[in-house]
Amino acid sequence: MMSLENVLPDSAEIDSQGQLSIGGCLAVDLAEEHGTPVYVLDEATIRNRCREFVSEFNRLYPGTQVLYASKAYINPALARIFNEEGLGLDVVSGGELAVAQAAGFPLEKVYFHGNNKTPAELEEAVAQGIGRVVVDSFHELDLLNRIAGEAGKVQDILVRVSPGIDPHTHAYTTTGIIDSKFGFSIQTGDAERAIRQALGAANLKLRGLHFHLGSPIFELEPYEAATDLVLRFAAGFREEGLDLEEFSPGGGFAIAYTRDQEPPSVADYAGAIVGTMESTCEELGLSRPKLLVEPGRSIIGPAGVALYRIGAIKDIPGVRKYVSVDGGMGDNIRPALYQASYEVISAGKGNASATETVTIAGKYCESGDVLASDISLPTAEPGDVIAIPASGAYCPSMASNYNLNPRPPMVLVNDGHSRLIRRRESYADMMLCDV
Ligand code: LLP
């Protein structure tokens with residue numbers, strides 16, 4: 001399906017005049033009202049994706065808990081939506097935990113990940129009654145055991161293992177291989193030692209195992225191979241007292257960024273993971289653990305559309321035509337960091353035929369600040385609003401104040417209404433911490 005629908009939010013439409021709308025709101029009107037750059041999030045897509053994960057996994061494997069990976073983007077308004085949809089949260093910092101808490105999120109459904117949680121973060125998490133800490137190192141096993149003991153608590157944990165399986169994605173976002181800072185490697189024997197240490201820790205209760213291979217993963221086979229391998233590994237510790245109550249194959253589910261991409265569906269991922277769990281558990285006589293999955297990108301990515309306004313245009317005959325917009329690597333570092341590709345749509349000329357090949361550059365003082373290279377657009381003019389779909393995940397959450405540009409606002413749209421859930425930063429905001 002070489003269609004733009006692949007990358008647009010569920011509620012997006014391009015009308016007969018070529019006007020893009022999202023959630024029943026015209027993109028050019030949103031750009032006018034909120035200024036540009038602005039990130040528009042389609043509430044229907046967010047909720048549909050949450051429901052798809054919950055229903056597809058639970059249909060095949062009742063009791064599956066879907067945890068939203070907050071690192072893809074979180075704020076209090078969104079945390080409340082995820083809570084309404086019955087999801088838990090994966091957090092990776094005290095900051096993400098603070099957002100969950102501020103939103104009144106049930107902290108027993110929060111899982112704390114990360115390869116180097118600080119003592120302060122672990123103390124806060126234990127004191128607040130976080131559901132699980134996903135322990136990632138020997139250092140953390142000791143630290144958390146001591147912190148839980150001092151708090152007079154027994155902390156539920158998962159141990160993150162590294163199965164040594166390559167999911168064939170960008171090197172920067174590959175995690176489950178042997179050369180990785182994340183997790184206890186099964187190959188090196190670290191995972192074995194970690195499980196023994198966790199089982200023997202007085203103030204920790206080992207509830208299960210976690211792995212995460214990388215992101216985005218367009219193949220099913222790595223999930224199947226790793227699920228099988230980790231379950232076999234876990235079964236080897238039954239006699240030593242490992243009761244695998246919970247099992248998490250992480251997140252990493254892919255989305256389409258360009259119209260030609262066709263990632264597996266949620267049902268495909270669910271089928272691959274659950275199918276492997278069922279057959280391996282049966283073969284080993286292992287009782288079926290509760291399944292946890294941690295989608296981030298696949299929930300919020302397709303919901304987001306970034307809107308920019310075109311300013312300067314520089315045509316270098318025979319070389320390249322640079323069309324500059326009022327955002328760039330400060331709000332979307334993904335092209336610069338991962339060579340990520342995006343579609344670009346002219347928000348007000350959506351059905352005009354493409355007349356030129358242009359490169360969309362940002363406004364930051366770096367030549368590498370390019371959002372999309374050599375894409376086709378209807379004739380671009382200063383003042384035009386362009387839309388970059390599939391921008392909901394890891395763009396706003398990785399945004400910076402580089403060059404002291406304020407980070408953009410976030411607008412939630414639904415049924416013809418728009419709601420600002422994060423305002424644009426002001427110059428004063430950017431100087432708030434300067435003393
Ligand atoms: N669980 C764990 C332990 C993770 O490390 C991650 C992502 C996820 C779940 C969620 O993965 P997702 O479903 O969102 O693919 N900044 C990069 C992606 C980094 C992913 C980090 N971990 C990007 O923009 O592509």
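For the single chain, residues carry numbers from 1 onward in sequence order. Ligands are counted one by one from 1 in listed order, and the atoms in each one are counted from 1 as well. Only heavy atoms go into these numbers, but all of them, side chains included; no hydrogens, no water, no symmetry mates.
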**Q** Salt bridge or not for Glu84 and Arg80, using N-O below 4.0 Å?
**A** no
**Q** Under the ring-ring contact (aromatic ring centres under 6.0 Å, His included) test, which residues partner His168, sequence neighbours left out?
**A** none
**Q** Taking the six-membered ring for Trp, are Phe138 and Phe184 closer than 6.0 Å centroid to centroid?
**A** yes
**Q** Quick one: do Leu377 and Ile345 satisfy side chain to side chain contact (heavy atoms under 4.5 Å, CB included)? Show the steps, please.
**A** CA-CA 7 Å; Leu377 267 192; Ile345 303 168; over 6 Å; no
**Q** As a test of reading the model: which residues have a non-hydrogen atom less than 4.0 Å away from ligand 1?
**A** Ala69, Lys71, Asp90, His113, Arg160, Thr173, His210, His212, Ser215, Gly251, Gly252, Phe253, Glu294, Pro295, Gly296, Arg297, Arg334, Tyr338, Tyr394, Met398
**Q** Among pairs that include at least one residue of residues 320-335, which meet salt bridge (charged side-chain N to carboxylate O under 4.0 Å, His left out), considering only residues two or more places apart or in two chains?
**A** Arg320-Asp374, Lys321-Glu356
**Q** Suppose we screen for side chain to side chain donor-acceptor pair (under 3.5 Å). Which residues come up paired with Glu278, at least two apart in sequence or across chains?
**A** Arg288
